[in-house]
Amino acid sequence: MSDSKARILAVDDAEDTLEMLQRTLSDRGYRVFTASSVEEAIRFLENTEVDLVITDLKMPKVSGLDLIRHVRENFEETEVMMITGYATIEGAVKAVKTGAEDYLSKPFTENE
């Protein structure tokens, strides 16, 4: 990739979470894009290469697990992190088995 800054796509149906992720990650030098649904994220990924997708688990219509599957099947080099307000060990295991490299419970701190 010609751009030296890592490119991150944050996907969450909660506007405040997207704003916090964009602000925090941009302040740390990352290029951050946002999508408020899985469908919007998939359309974005068709046209823009990213290094990391951070996705919420529970969203209307299509879940974050479906987005992880789509990224794993179509963008093998892109890493994925799952975030969720419904943290369970079972959910973490399922996210990792589906292809997420990491899993973070909401609410999380800016440092996390």
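Note: hydrogens, waters and symmetry copies are ignored here, and every other heavy atom, side chains too, is used.
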N/O donor to acceptor pairs below 3.5 angstrom from side-chain atoms of residues 38-46, sequence neighbours left out:
| from | atom 1 | to | atom 2 | distance (Å) |
| --- | --- | --- | --- | --- |
| E39 | OE1 | S37 | OG | 3.4 |
| E40 | OE1 | S36 | N | 3.1 |
| E40 | OE1 | S36 | OG | 3.0 |

Rounded distance (nearest 0.5 Å) linking atom CD of Q22 with atom CD1 of I54: 11.5 Å
Distance (rounded to the nearest 0.5 Å) between R31 CZ and T48 OG1: 9.0 Å
Non-hydrogen side-chain atoms of V11 and T34 separated by less than 4.5 Å: no
Taking distance alone, no hydrogens or angles, what donor-acceptor pairs closer than 3.5 Å link side-chain atoms of residues 67-76 to residues at least two apart or in another chain?
| from | atom 1 | to | atom 2 | distance (Å) |
| --- | --- | --- | --- | --- |
| R69 | NH1 | D66 | OD1 | 2.7 |
| H70 | ND1 | N74 | ND2 | 3.2 |
| R72 | NH1 | T78 | O | 3.4 |
| R72 | NH1 | G99 | O | 3.2 |
| R72 | NH2 | E76 | O | 3.2 |
| R72 | NH2 | T78 | O | 2.4 |
| N74 | ND2 | H70 | O | 2.8 |

Taking every non-hydrogen atom, the tightest pair across L21 and A10: CD1-CB, 3.9 Å
Polar side-chain atom of R7 near backbone of L52 as donor-acceptor pair, under 3.5 Å: no
Exam field: side chain E101 to backbone E79, donor-acceptor pair closer than 3.5 Å: no
V50/I8 under side chain to side chain contact (heavy atoms under 4.5 Å, CB included): CA gap, chis, key distance, verdict: CA-CA 6 Å; V50 299; I8 299 172; over 6 Å; no
Criterion side chain to side chain contact (heavy atoms under 4.5 Å, CB included) on L65 and M82, from CA distance to verdict: CA-CA 8 Å; L65 288 174; M82 172 73 71; 3.9 Å; yes
Return a table of donor-acceptor pairs under 3.5 angstrom between the side chains of residues 12-19 and protein atoms on other chains or two or more places apart.
| from | atom 1 | to | atom 2 | distance (Å) |
| --- | --- | --- | --- | --- |
| D12 | OD1 | A14 | N | 2.8 |
| D12 | OD2 | K106 | NZ | 2.9 |

OH/Y30: more than 12 non-hydrogen atoms of other groups inside 6.0 Å: no
